[in-house]
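Here is the structure we will look at.
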Amino acid sequence: MKIIDEFNLIVEKDLDNKIKDCLHALERATPIKTGKAKAGWRRVDRSIINNVDYIDQLNQGASKQAPRFFVERTIEQVPGVTVTYTPIS
């Protein structure tokens, strides 16, 4: 195996672990009333999404259980991760 191939495998494994860490952190941080928003987190390729129709409202501070921008704040706490947030309209 070439060195570049070994490097790429290491990077992919590290990326996979960071995505998993973010997903679990978001599940823990999501406010719970019915559990729908918490259960809505999904990994799609290299992204994490939540298609629950009110997730943006929760992230804007609609629940007293989590601060405004809890999504960004949660992800920023995962070592080695940079936040890129695109609201779904």
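Position 1 is the first residue of the sequence, and the numbers go up from there.
Listed by chain and residue number, nothing satisfies the side chain to side chain contact (heavy atoms under 4.5 Å, CB included) test with Lys33 (two or more places apart in sequence, or in another chain). For Thr74, the side chain to side chain contact (heavy atoms under 4.5 Å, CB included) partners are Ala25, Leu26, Ala29, Phe70, not counting sequence neighbours.
Hydrophobic clustering (side-chain heavy atoms under 4.5 Å, transitive across Ile, Leu, Val, Met, Phe, Trp, Tyr) keeps Phe69 apart from Val52. The hydrophobic clustering, which links ILVMFWY residues whose side-chain heavy atoms are closer than 4.5 Å, places Tyr54 and Ile32 apart.
Side chain of Arg46 to main chain of Ile19: no donor-acceptor pair is present (N/O by atom type, distance under 3.5 Å, no hydrogens or angles). Side chain of Asn59 to main chain of Val71: a donor-acceptor pair is present (N/O by atom type, distance under 3.5 Å, no hydrogens or angles).
Distance check: Leu9 CG to Asp14 CG gives 12.5 Å after rounding to the nearest 0.5 Å. To the nearest 0.5 Å, the span separating CG on Asp21 from CD1 on Ile75 amounts to 11.5 Å. Between atom CG of residue Leu58 and atom CZ of residue Arg68 there is a gap of 13.0 Å, rounded to the nearest 0.5 Å. Note: Lys13 NZ to Asn8 CG = 15.0 Å, rounded to the nearest 0.5 Å.
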Inset, instruction - Would you please test Arg43 and Asp16 for side-chain contact (heavy atoms from CB on, under 4.5 Å) and show each step? - result: CA-CA 10 Å; Arg43 178 180 179 170; Asp16 184 60; 2.4 Å; yes
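The minimum heavy-atom distance between Lys38 and Thr30, with the atom names listed, is N-CG2, 3.6 Å. Closest non-hydrogen pair, Pro79 versus Lys18, comes out as O-NZ, 3.4 Å.
More than 12 heavy atoms of other shown residues, nucleotides or ligands fall within 6.0 angstrom of atom CG in Asp5.
The shortest distance between side-chain heavy atoms of Glu27 and Ile48 does not fall below 4.5 Å.
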